[in-house]
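Structure first, commentary second.
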Amino acid sequence: MSQHHDEHHSPIKTPKQLILAVIFAFLVPIFAIALLVRNVGTNPRDGAGADAMSEQAVAERIHPIGQVQIKLEGGPAKTGEQVFKNTCSACHAAGMMGAPKFGDAAAWGPRLGQGFEALLHSALKGKGNMSPQGGGDNSDYEVARAVVYMANAGGAKFEEPKAPAAAASAAN
Ligand code: HEC
């Protein structure tokens with residue numbers, strides 16, 4: 001009874017074929033990796049994710065921060081509501097840091113007793129946790145309008161402040 005090991009079929013029949021197969025199994029991936037590495041290495045690194053940024057690219061990115069913004073006198077003044085939205089609402093909309101909340105008559109009541117001038121003075125110069133002008137970039141006149149807007153929402157009946165002479169024609 002003789003048994004033959006020929007059920008075992010493989011394309012590799014000779015030692016030479018085996019060596020070739022092994023060499024190919026190594027060479028193909030290495031070749032592919034080498035190609036990839038070469039591409040990465042030679043492409044200029046100016047894509048969005050490039051870690052090295054040219055001096056010009058850096059300058060362009062920080063440029064707007066360094067820009068000087070000149071406020072034009074006599075431009076249309078912002079309304080009290082606009083100023084409230086762009087500056088005051090940060091604290092007064094929700095009553096942050098002890099700020100009297102917008103529309104909350106109970107919070108505004110005792111403050112309104114001081115009169116408009118005192119409230120305006122607080123808004124312009126700052127008070128407690130509020131920085132001067134509420135930290136915003138509005139003219140005194142615009143802040144005054146915002147004070148009226150907020151105070152009136154809190155129960156006051158202040159009149160719209162008079163526009164300063166220079167801006168009178170522009171501010172409807
Ligand atoms: C950083 C938060 C903050 C911003 C922004 C802010 N306020 Fe205030 N405001 C406060 C706080 C806090 C108080 C209460 C201050 C206190 O009584 O100590 C206050 C109080 C006031 C008062 C009452 C002052 C008084 O004498 O009782 C007025 C009026 C006022 N703010 C107007 C404004 C206007 C107008 C703006 C926008 C131009 C503004 N605030 C933006 C935090 C802020």
Side-chain angles (χ1 to χ4, degrees), residues 32-33 35-172:
I33 289 167
L35 264 182
L36 283 174
V37 168
R38 237 189 85 226
N39 271 343
V40 170
T42 52
N43 278 353
R45 296 185 175 217
D46 56 2
D51 23 353
M53 279 172 64
S54 74
E55 234 173 272
Q56 197 198 347
V58 172
E60 264 167 25
R61 284 210 178 175
I62 63 174
H63 182 60
I65 299 166
Q67 250 173 358
V68 176
Q69 296 215 338
I70 296 162
K71 241 172 93 183
L72 291 174
E73 294 297 331
K78 281 166 256 170
T79 65
E81 185 180 356
Q82 285 170 335
V83 174
F84 171 75
K85 281 187 179 144
N86 75 20
T87 305
C88 323
S89 63
C91 298
H92 286 276
M96 296 266 291
M97 304 194 295
K101 194 175 163 184
F102 183 81
D104 183 344
W108 279 97
R111 296 178 186 271
L112 298 179
Q114 305 175 81
F116 174 70
E117 288 304 323
L119 294 175
L120 177 60
H121 185 267
S122 299
L124 291 178
K125 302 296 172 205
K127 183 177 185 183
N129 287 328
M130 175 167 63
S131 41
Q133 295 239 7
D137 182 25
N138 305 288
S139 72
D140 289 4
Y141 169 56
E142 288 165 334
V143 170
R145 289 179 121 184
V147 170
V148 169
Y149 176 74
M150 270 206 285
N152 286 0
K157 292 195 166 50
F158 294 138
E159 280 183 23
E160 181 73 354
K162 291 229 180 343
S169 54
N172 47 65

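Order of listing sets the numbers, starting from 1, for every ligand and every atom in it.
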Among all protein heavy atoms, pick out the one at the shortest distance from atom 28 (C) of ligand 1; state its residue, atom name and that distance to 0.1 Å. Trp108 CH2, 3.7 Å

For Tyr141 against Ala77, the heavy-atom pair lying closest together: CE2-CB, 3.6 Å

Numbering as shown, the atoms of ligand 1 that approach Val147 to under 4.0 Å (heavy-atom distance): 35 (C)

CD-CZ distance between Glu142 and Arg145, expressed to the nearest 0.5 angstrom: 7.5 Å

If every non-hydrogen atom of Leu120 is compared with every non-hydrogen atom of Ala144, which pair is closest and at what distance? CD1-CA, 3.5 Å

Provide the protein N, O or S atoms situated under 2.8 Å from atom 8 (Fe) of ligand 1; waters are not included. His92 NE2, Met130 SD

Any atoms of ligand 1 less than 4.0 Å from a non-hydrogen atom of Ala146? List them with their elements. 35 (C)

Please report the closest heavy-atom contact between His92 and Pro100, naming both atoms and the distance. ND1-O, 2.8 Å

In terms of atom number and element, which parts of ligand 1 are under 4.0 angstrom from non-hydrogen atoms of Asn129? 12 (C)

Under 3.5 Å: donor-acceptor pair, side chain of Asn152, backbone of Phe158: yes

Could you pull out every donor-acceptor pair under 3.5 Å between side chains of residues 103-111 and any protein atom, sequence neighbours left out?
| from | atom 1 | to | atom 2 | distance (Å) |
| --- | --- | --- | --- | --- |
| Asp104 | OD1 | Ala106 | N | 3.1 |
| Asp104 | OD1 | Ala107 | N | 3.2 |
| Trp108 | NE1 | Lys101 | O | 2.9 |

To the nearest 0.1 Å, how far is atom 12 (C) of ligand 1 from its closest protein heavy atom, and which atom is that? Met97 O, 3.2 Å

Could you walk me through whether Cys91 and Met130 pass the side chain to side chain contact (heavy atoms under 4.5 Å, CB included) check? CA-CA 9 Å; Cys91 298; Met130 175 167 63; over 6 Å; no

Flag side-chain contact, heavy atom, 4.5 Å: Tyr149 against Val83: no

Any nitrogen or oxygen of Gln114, main chain or side chain, under 3.5 Å from a nitrogen or oxygen of ligand 1? yes

So is Asn138 close enough to ligand 1, meaning a heavy atom under 4.0 angstrom away? no

Taking distance alone, with no angle check, do Arg111 and ligand 1 share an N/O pair under 3.5 Å? yes

Enumerated ligand 1 atoms positioned under 4.0 Å from heavy atoms of Gln133: 38 (C)

For Gly98, take its heavy atoms, then give the atoms of ligand 1 lying under 4.0 Å from any of them. 12 (C), 14 (C)

Per-residue contact class, Tyr149 against ligand 1 - non-hydrogen pairs under 4.0 Å: neither

What pair of heavy atoms forms the shortest contact from Leu112 to Ala151, and how long is it? CD2-CB, 3.7 Å

Has the side chain of Ser131 got a donor or acceptor atom that lies under 3.5 Å from a matching backbone atom of Gly126? no

Check Pro161 against Val148 and note the closest heavy-atom contact, atom names and distance. CD-CG2, 3.5 Å

Heavy atoms of Asp137 and Lys78 approach each other most closely as O-NZ, 3.5 Å

Distance to 0.1 Å, residue and atom name: give those for the protein heavy atom nearest to atom 18 (O) of ligand 1. Gly128 CA, 3.6 Å

Quick one: look up the protein heavy atom nearest atom 29 (C) of ligand 1 and list residue, atom name and how far away it is. Leu119 O, 3.7 Å

